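Chain identifiers are assigned alphabetically (A, B, ...) following the order of the sequence lines, protein sequences preceding nucleic acid strands; residue numbering begins at 1 within each chain. Since the structure is predicted, the reported quantities are computational estimates derived from the model, not experimental observations.
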Amino acid sequence: MPNVTMTVNGKKMSGNVEPRTLLVQFLRETLGLTGTHVGCDTSQCGCCVVHVNGDGIKSCTILAVQCDGADVKTIEGVANGDELHPMQAAFREHHGLQCGYCTPGMVMSALDLVKHNKNPSEPQIREWLEGNLCRCTGYHNIVKAIKAGAEAMAKARP
Amino acid sequence: MYNFEYHKAKTIADASAMITQKSEAKLVAGGMTLIPTLKLRLAKPSDLVDLNGLPELKGIKREGSAVVIGAMTRHVEVAESAEVQKAIPALAHLASHIGDPAVRNRGTLGGSISNNDPVADYPAAVVALNATVITNKRKIAADAFFKGMFETALEPGEIVTAVSFPMPEKAAYMKFPNPASRYAIVGVFVAKHKDGVRVAVTGAGPCVFRQKDMEAALAKNFSADAIKSIAQKQDGLNGDIHASPEYRAHLVGVMARRAVAAAG
């Protein structure tokens, strides 16, 4: 089996994988990083969004071998120790979750949005969440949380 | 999914040789169609040859009056390219509405047109803009590239390396997206060139096609009114749970008129 090595949340991680192993399976089953969820497994729901080399991608739709040498960030790597990232804090503050299943993907997509657009409007946030489904349909507070999170990130920047 | 051997291509020649030598090898570009297809066990390739990691297939450059886009350029890069936004804004607009942001971060131009999904967006741009598809072996005119449902003029071992899009005088793309997948139920790309108008329709039929009645009318009078009375025939159009052939035929007219209006 091919051996893959990637930087996950700042740490070098290696493992042997079958070529057909998906990145999300490697993260969850080999590395035990179960914060990244699998909702639909058909590339539609966005629960499995992680960052690969800085871009938000669906980790159920990329092979682990394709990420050999890549820099991967999952929801586990977002907070600074015990201190929540401003985007995570905004989700808590605005109750941007109900069951919480979609939340890791929502947060990772939100951070990708802020990378492209530092001050997103409400319609822009809603459009961006095209690929993130919340089956509790709690979008209203998710959108509020992302808006507040983006503002908090802007303030935190020097 | 079924297991396969994985190879990361080091050169285009290397990739071409591998897909020719192995019996059931497939290329993977962005993987946004292929990986889901493999997961559903709808395909069983012996080998996957990965084109990611070939910088010569990436990039956007202006060459005279055309914009040349590398096959492995991702949708997000086309959507956000200042060069494309300036030269062919309709193309940047099209790229910005493919799938969702995570899909646009992976999906590629070359992958989209090589797969030639009947509901993909890019084939409409390639045909309406009268683009040239550049491969590792030759140059193929848009009208000769798309052959039928999931079928192209590509030969075994042939790999799309770039697409050259001539700049039109004006152009616009309008699509009626499937609300779940964002694939086009019907998408119409209208482009006014120095020597005529091209109207390409995706989503409606088994393969992208040109609406030549509309092209002729728009060449005389480039306005939405000029094509108001042109009805798209529903024979041969797609019918599924999302839309009947009759509805798709109707949408061709609506999207074409909106595209003409948007092109201005």
Side-chain angles (χ1 to χ4, degrees), chain A residues 1-4 17-25 36 38 40-70 105-106 108-117 120 124-133 146, chain B residues 1-9 22 25-54 72 74-77 79-81 93 96-108 111 177-183:
Chain A
M1 285 200 290
N3 182 272
V4 294
V17 294
E18 286 188 313
R20 63 178 162 181
T21 305
L22 300 168
L23 175 61
V24 70
Q25 292 170 322
T36 303
V38 179
C40 68
D41 207 14
T42 54
S43 328
Q44 297 179 61
C45 78
C47 288
C48 69
V49 170
V50 300
H51 295 181
V52 174
N53 297 329
D55 296 323
I57 59 108
K58 294 180 181 181
S59 60
C60 83
T61 315
I62 187 169
L63 303 170
V65 282
Q66 292 186 286
C67 299
D68 191 30
M106 289 286 179
M108 298 313 283
S109 280
L111 293 174
D112 195 32
L113 167 61
V114 176
K115 193 185 96 180
H116 289 264
N117 182 349
Q124 285 170 330
I125 294 169
R126 289 184 184 275
E127 204 171 304
W128 191 266
L129 294 181
E130 179 59 55
N132 290 82
L133 305 183
I146 294 175
Chain B
M1 69 182 94
Y2 298 110
N3 215 354
F4 47 78
E5 293 287 318
Y6 172 85
H7 314 272
K8 191 155 194 170
K22 308 278 183 177
K26 268 203 164 295
L27 294 169
V28 57
M32 294 296 96
T33 302
L34 182 59
I35 306 275
T37 305
L38 295 179
K39 287 165 74 175
L40 292 169
R41 294 193 167 183
L42 294 174
K44 193 182 178 184
S46 59
D47 299 76
L48 273 201
V49 179
D50 195 346
L51 295 174
N52 287 279
L54 295 179
M72 287 297 292
R74 305 197 191 274
H75 305 326
V76 64
E77 293 164 337
E80 295 186 349
S81 157
H93 172 259
S96 74
H97 286 79
I98 299 173
D100 60 54
V103 167
R104 294 194 289 273
N105 277 338
R106 286 296 296 170
T108 67
N178 178 313
S181 69
R182 314 318 275 178
Y183 272 115

ask   = Which answer fits Leu22(A), side chain, backbone, both or neither, if we ask what part of it has an atom under 4.5 Å from a heavy atom of chain B?
value = side chain
task = Determine whether Arg106(B) and Thr61(A) make a side-chain contact, defined as any pair of heavy atoms from C-beta on separated by less than 4.5 Å.
result = no
Against chain A, label [X] side chain, backbone, both or neither, depending on which of its atoms sit under 4.5 Å from a heavy atom there.
X         : result
Pro179(B) : backbone
Arg74(B)  : neither
Asn3(B)   : both
Leu48(B)  : side chain

key: Where Tyr6(B) and Pro19(A) come nearest, the two heavy atoms and their spacing   = CB-CB, 3.9 Å
message = Regarding Lys8(B) and Asp68(A), does a basic nitrogen lie under 4.0 Å from an acidic carboxylate oxygen?
response = no
task = Check the surroundings of atom NZ in Lys44(B): do more than 12 heavy atoms from other residues, nucleotides or ligands lie under 6.0 Å from it?
result = no
request  = Kindly check if the number of other-residue, nucleotide or ligand heavy atoms within 6.0 Å of CD (Glu127(A)) is above 12?
outcome  = no
Spacing of [atom1] belonging to [X] relative to [atom2] belonging to [Y], to within rounding of 0.5 Å:
X        : Y        : atom1 : atom2 : answer
Asp50(B) : Gln66(A) : CG    : CD    : 4.5 Å
Phe4(B)  : Leu63(A) : CZ    : CG    : 4.5 Å
Ile62(A) : Met32(B) : CD1   : CE    : 7.0 Å
Glu5(B)  : Arg20(A) : CD    : CZ    : 11.5 Å

request  = Say whether, by atom type as modelled, one donor and one acceptor occur between the side chain of Lys39(B) and the main chain of Asp41(A) under 3.5 angstrom.
outcome  = yes
task = Could you have a look at Gln44(A), Met108(A), Lys58(A) and say which one has the most heavy-atom pairs with chain B under 4.5 angstrom?
result = Lys58(A)
inquiry  = Please identify, among Val28(B), Val76(B), Leu34(B), Ile35(B), the residue contributing the most non-hydrogen atom pairs under 4.5 Å to chain A.
reply    = Ile35(B)
ask   = What residue among Val52(A), Asp55(A), Asn53(A) forms side-chain contact (heavy atoms from CB on, under 4.5 Å) with Asn105(B)?
value = Asp55(A)
